[in-house]
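All heavy atoms count here, side chains included; hydrogens, waters and symmetry mates do not. In this text the structure is predicted, and so the values were computed from the model without any measurement. Here is the naming used below: chain letters follow the sequence lines, and residue numbers restart at 1 for every chain.
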Number of protein chains: 2
Amino acid sequence: MLRLTRQADYAIVLMTHFAGAPEKKVQNARDLAKCAGLPLPTVSKTLKALGRAGLLVSYRGVKGGYSLPRPAEEITVAEIIEATEGPIALTECLDTATDECGIEFCCPVRTNWQRINQAVRDALRNIPLSDMATTVTFPPLEKVQ
Amino acid sequence: MLRLTRQADYAIVLMTHFAGAPEKKVQNARDLAKCAGLPLPTVSKTLKALGRAGLLVSYRGVKGGYSLPRPAEEITVAEIIEATEGPIALTECLDTATDECGIEFCCPVRTNWQRINQAVRDALRNIPLSDMATTVTFPPLEKVQ
DNA sequence: CAAAACAGGACTCTCGCGGTCCTGTATGAA
DNA sequence: TTCATACAGGACCGCGAGAGTCCTGTTTTG
């Protein structure tokens, strides 16, 4: 269906939340979950993935949480998607891991597939996170809980 | 994983096959399956979907088969994908059928999602089928079987 | 030292993909 | 006219990835 996974969806929502808040603001998983109306374990899992990918920096301990490591203008939607669901490759052919498409000898379309993938990747790379935060005003935490 | 379904993959391979052959050439499912090295039922299912979407015209009966209804230059990769897996909508939010995302009140990202989808759709709409057939030479049917 | 918060797994359940097959209908050739 | 061919439109089923939860660390603050 050419669908993003839910995790990627959540990731963009959460990242947008960071982009909307003051820079370097540390927010913890619990508050983010409440504000987004999502279950804490799910949010936590997503944030961890973003942390591993370097799209968020994490702070442990009581006053811990996450914050953006760089300005929202320098983070792209493509990065967020790749952080949660791996490299953007529309077909198995292009996943370098599995180059056994079975119909290879009769599948010279393969080289042309690169074109499709590149087009989609470029499209997503050209959308900065800051764009996703425009005209978006999240309600303050107090009003949510 | 932001993957195309296999059917969409097959559809593009098959359509490319038509684009490579002489215009208006009628080809049946059996031969296409053999040449593509794919099982007949699968190929058949895919061709039927393409037919329903108007991307192929079908002819029943003994000398039946399928052929392109218009030049390959006028068919886009986006159309082929949509024919097999429905409208290109990366998130459920955008699928008009289900506008119950549950976190709506806190999800103004929604409007910005349109931007992402539009970008991807445009990217795919800008790739004509004829582009997929360049430098592609399918082996003649005789050599395959 | 205790509580808060992240890290990294394992685990289960469900749903859609994937492939196949069956019945019906149209068409061309013997 | 009859039969073989080929498409039309379903139903059907197994498997695997996605989605969500939970548990056990480790780090940090007060």
Quiz prompt | Flag side-chain contact, heavy atom, 4.5 Å: B:V77 against B:M132 | solution = yes
Name the atoms and distances for all side-chain donor-acceptor pairs under 3.5 Å in residues 35-53 of chain B, with sequence neighbours left out.
{"from": "B:T46", "atom 1": "OG1", "to": "B:T42", "atom 2": "O", "distance (Å)": "3.0"}

Side-chain donor-acceptor pairs under 3.5 Å in residues 83-90 of chain A, sequence neighbours left out?
{"from": "A:T84", "atom 1": "OG1", "to": "A:I80", "atom 2": "O", "distance (Å)": "3.3"}
{"from": "A:T84", "atom 1": "OG1", "to": "A:I81", "atom 2": "O", "distance (Å)": "3.1"}
{"from": "A:E85", "atom 1": "OE1", "to": "A:T5", "atom 2": "N", "distance (Å)": "3.0"}
{"from": "A:E85", "atom 1": "OE1", "to": "A:T5", "atom 2": "OG1", "distance (Å)": "2.7"}
{"from": "A:E85", "atom 1": "OE2", "to": "B:L2", "atom 2": "N", "distance (Å)": "3.4"}

Could you list the protein-to-nucleotides 11-14 of chain C atom pairs, N/O on both sides, closer than 3.5 Å?
none

Quiz item: Distance from A:S130 atom OG to A:E73 atom CD, nearest 0.5 Å?
Solution: 4.0 Å
Quiz item: For B:P39 and A:A29, take the nucleotide of DNA chain C holding the closest heavy atom to each; which residue's nucleotide lies nearer the 5' end?
Solution: A:A29
Self-check item: For B:Q118, side chain to side chain donor-acceptor pair (under 3.5 Å) partners two or more places apart
Solution: B:R121, B:D122
Quiz item: For A:S58, which residues count as a side chain to side chain donor-acceptor pair (under 3.5 Å) partner, sequence neighbours excluded?
Solution: none
Self-check item: Listed partners of B:R70 passing salt bridge (charged side-chain N to carboxylate O under 4.0 Å, His left out), at least two apart
Solution: B:E79
Quiz item: Across the strands shown, which category fits B:G65 at heavy-atom distances under 4.0 angstrom: base, sugar-phosphate, nothing?
Solution: sugar-phosphate
Exercise. Would you mind reporting whether A:L4 and B:W113 have side-chain heavy atoms less than 4.5 Å apart?
Key: yes
Quiz item: Roughly, in whole Å, what's the span from CG in B:D9 to C1' in C:dC17?
Solution: 13 Å
Exercise. Can you check each nucleotide of nucleotides 23-30 of chain C against protein heavy atoms at under 4.0 Å and return B for base, S for sugar-phosphate only, - for none, in 5' to 3' order?
Key: -BBBBB--
Exercise. Provide, to the nearest angstrom, the distance between the CG atom belonging to A:L2 and the P atom belonging to C:dG16.
Key: 17 Å
Quiz item: Mind checking what makes side chain to side chain donor-acceptor pair (under 3.5 Å) contact with B:E82, not counting sequence neighbours?
Solution: none
Quiz item: Could you state the CZ-P distance from A:R30 to C:dA3, rounded to the nearest angstrom?
Solution: 14 Å
Quiz prompt | Spacing of B:R6 atom CZ relative to C:dT20 atom C1', expressed in whole Å | solution = 15 Å
Exercise. Output all residues satisfying side chain to side chain donor-acceptor pair (under 3.5 Å) with A:N126, sequence neighbours left out; order by chain, then residue number.
Key: none
Quiz item: For the atom pair CE (B:M15) and CG (B:L55), what is the distance rounded to the nearest 0.5 Å?
Solution: 5.0 Å
Quiz item: Does anyone know the first and last nucleotide of DNA chain D in reach of chain B, 5' to 3', at under 4.0 angstrom to a heavy atom?
Solution: D:dA4 to D:dG18
Quiz prompt | Residue mapping more 5' on DNA chain D - nearest nucleotide basis, A:T5 or B:L40 | solution = B:L40
Self-check item: Spacing of A:R115 atom CZ and B:D131 atom CG [to the nearest 0.5 Å]
Solution: 5.0 Å
Quiz item: So how far off straight is the helix from C:dC1-D:dG30 to C:dA30-D:dT1, going by the axes through five pairs at either end, to 10°?
Solution: 10°
Quiz prompt | Test salt bridge (charged side-chain N to carboxylate O under 4.0 Å, His left out) applied to B:R6 - qualifying residues, sequence neighbours left out | solution = A:E92
Quiz item: Under 4.0 Å between a side-chain N/O of A:S58 and OP1 or OP2 of C:dA7, yes or no?
Solution: yes
